[in-house]
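Quick caveat, the model's predicted, so the values are computed rather than measured.
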Amino acid sequence: MITETKTSTGETKQGVNILHARRLGIDTQYEAIVFMRSDCPICHSEGFSAQTRIRVSYKDQSVIATLFQTAPDMLEHGEIGLSESAWHRLGILKGETVSICHPRPLDSLSNLRSKIYGRPLEANAVRSIFEDIVSGRYSDIHLASFITACSARPLDHSEMVAFTGAMTDAGDRLQWDTYPVVDKHCVGGLPGNRTSPIVVAIVTACGLTMPKTSSRAITSPAGTADTMETLAPVDLDIAAMRRVVEKEGGCIVWGGAVRLSPADDTLIRIERALGLDSEGQLVASVLSKKIAAGSTHVILDLPVGPTAKVRSQNAAHALSRDLVAVALAFDVEARTVISDGRQPIGRGIGPALEARDVLSVLQGATDAPPDLRDKSIALAGHLLELGGTIEMGSGVKLAERALADGSAWNKFQGICEAQGGMRRPPEALHRHPVFAKESGKVTAIDNRRLAKVAKLAGAPGAKAAGLEVHTRIGTAVCVGEPLYTIHAEAPGELDYSLEYVQENNDIFELTEL
């Protein structure tokens, strides 16, 4: 509705709704939120109520935001309060005004409703949905409905291809002057498992190009970007990323800084809150980022275990078939590796602790975790073979040589320097070992609850926080022997994690010898 509105100074502006923008300092993470007085004349004239979606515009920028209403004394007349997300996305200067109006109707919601009722989505329908998602037109309620519909009504092959293409096209896309361009990805669900920095160092030391974009943790104790950030800057834009790759052959950067597949970043936030991660969306999520990064050859790690994301061998084989088939539709050659997901990889869980494991492997330390070293070598070997560097069956030997002769370590240092300078991972001030309450043989480890201990200790926000695992499945332990040590930067977080441990003292399952 076109209205005539008085500002707080009494000025009348014809044809638009004008309000003074006020930065409230409220962190709503990714969602744009605005606040208006419950007695605001614009709310009355336009029919705005709490939870209404409105368009907020400043100069040539606009966002679709969710409205919340406040008591009259919380804002001045003629003011609109903005969350941090809304403020930064609009780029508002202090003291400026914004205009507000109803957003245009979302035609793509009819396609969403079709999926809810069980009808498959055509490519054009998928594209319209993702255009609205990336433009910020979908509220969290819309996003949750979309994710739930795609989980309850699994995507078929054509839908997976359409989802992957739409998610790729919605963001930036990198192109490289070299061939092949290789990459790896783990579908997740396993604490530690920080193979990417090691694999990048080995593969680039052997002459292949590997521009690795990685994610930050959402619900886990660390993502690759969180771990790498304790060693070097990761918030590189596309131009800086390209300079690093041209100089060193590879990089390890945060994918969010280069805006590859932004629709996926939006969906992941809601998926984690709902606890949903359908196979079709997982396939599109993984491959859209690899395609957007310009990858031509990809190794995909699928850990399988009772507390991993993929629970069974049958599920792993089904996911493997879909990943390879959809990748092929985009001329990407993919190979999957089904790995052991019964227990963490490496000793550290948490950004700095995982970084120390990475450094120990690259530096050839005698006490480096052998499982992390072996898995990194195996994945790097697969990539070297897939990328055509060496004949099939010889990749592991070449990867081992790159570690043994120091070339991988030298390359990693070069990448860190090119990204802005190598750092020393921080150390936690507070540590507490958790001891075995009985003697026995370790027969199982609950990955999810172990990860929760690390998060309660402060990871990944507190970079030095997390835990260090001292024993593995198949190992005999005696009563009073340490199973793992909790690391925390603050005593309160150490207490939180210890309270959880006391309530869940069977994270390590022991059987009598």
How close do [X] and [Y] get, counting heavy atoms only, and between which atoms?
X: Pro197; Y: Thr224; result: CD-CG2, 4.3 Å
X: Gly346; Y: Pro369; result: CA-CB, 3.8 Å
X: Val134; Y: Ala263; result: CG2-CB, 3.6 Å
X: Thr195; Y: Leu379; result: OG1-CD1, 3.7 Å
X: Arg472; Y: Val469; result: NH1-CG1, 4.2 Å
X: Leu494; Y: His430; result: CD2-CB, 4.0 Å

Please lay out, stage by stage, how Met160 and Asp322 fare under the test side chain to side chain contact (heavy atoms under 4.5 Å, CB included).
CA-CA 9 Å; Met160 289 186 209; Asp322 286 334; 3.5 Å; yes
Min side-chain heavy-atom separation [X]-[Y] under 4.5 Å:
X: Pro344; Y: Leu450; result: yes
X: Pro426; Y: Thr230; result: yes
X: Ile252; Y: Phe412; result: yes
X: Ile291; Y: Thr164; result: yes
X: Arg194; Y: Asp357; result: no
X: Val34; Y: Phe68; result: no
X: Val304; Y: Asp340; result: no

Any sub-3.5 Å donor-acceptor pair from [X]'s side-chain atoms to [Y]'s backbone N or O?
X: Glu512; Y: Gly440; value: no
X: Arg89; Y: Val63; value: no
X: Thr475; Y: Thr471; value: no
X: Glu509; Y: Val442; value: no
X: Ser151; Y: Ile147; value: yes
X: Arg53; Y: Arg137; value: yes
X: Glu159; Y: Asp156; value: yes
X: Asp226; Y: Gly223; value: yes
X: Ser439; Y: Cys478; value: no
X: Glu417; Y: Gly414; value: no

Evaluate the side chain to side chain contact (heavy atoms under 4.5 Å, CB included) criterion for residues Lys289 and Thr168: first the C-alpha distance (whole Å), next the side-chain angles of each, then the deciding distance (0.1 Å), finally the verdict.
CA-CA 7 Å; Lys289 290 188 174 180; Thr168 302; over 6 Å; no
Apply side chain to side chain contact (heavy atoms under 4.5 Å, CB included) to Phe35 and Met74, showing your working.
CA-CA 10 Å; Phe35 301 84; Met74 293 185 69; over 6 Å; no
Taking the six-membered ring for Trp, are Phe163 and Phe146 ring centroids under 6.0 Å apart?
yes
Do [X] and [Y] pair up side chain to side chain, a donor and an acceptor below 3.5 Å, judged on atom types alone?
X: Ser196; Y: Lys184; answer: yes
X: Ser288; Y: Ser261; answer: yes
X: Ser108; Y: Tyr138; answer: yes
X: Ser139; Y: His142; answer: yes
X: Thr485; Y: His432; answer: no
X: Arg23; Y: His88; answer: yes
X: Ser278; Y: Gln281; answer: yes
X: Thr227; Y: Glu354; answer: yes
X: Arg335; Y: His382; answer: yes

Would you compute the distance between atom [atom1] of [X] and atom [atom2] of [Y] and round it to the nearest 0.5 angstrom?
X: Leu190; Y: Arg342; atom1: CG; atom2: CZ; result: 11.0 Å
X: Ile507; Y: Ile445; atom1: CD1; atom2: CD1; result: 10.0 Å
X: Ile198; Y: Leu359; atom1: CD1; atom2: CG; result: 9.0 Å
X: Lys115; Y: Leu155; atom1: NZ; atom2: CG; result: 5.0 Å
X: Ile345; Y: Asn447; atom1: CD1; atom2: CG; result: 9.0 Å
X: Ile33; Y: Thr66; atom1: CD1; atom2: OG1; result: 4.5 Å

Does a side-chain N-to-carboxylate-O contact under 4.0 Å join [X] and [Y]?
X: Arg423; Y: Glu229; answer: no
X: Asp506; Y: Arg449; answer: yes
X: Arg431; Y: Glu468; answer: no
X: Glu489; Y: Lys463; answer: no

If you draw a 6.0 Å radius around [atom1] in [X], do more than 12 non-hydrogen atoms from other residues or ligands fall strictly inside?
X: Ile141; atom1: CD1; value: no
X: Lys452; atom1: NZ; value: no
X: Tyr496; atom1: OH; value: no

Contacts of Lys375 that satisfy salt bridge (Lys or Arg N to Asp or Glu O under 4.0 Å) - sequence neighbours left out:
Asp301
Could you walk me through whether Gln419 and Met241 satisfy the side chain to side chain contact (heavy atoms under 4.5 Å, CB included) test, starting with their C-alpha distance in whole Å, then the side-chain angles of each, then the deciding distance to 0.1 Å, before giving a yes or no?
CA-CA 8 Å; Gln419 288 187 196; Met241 176 183 172; over 6 Å; no
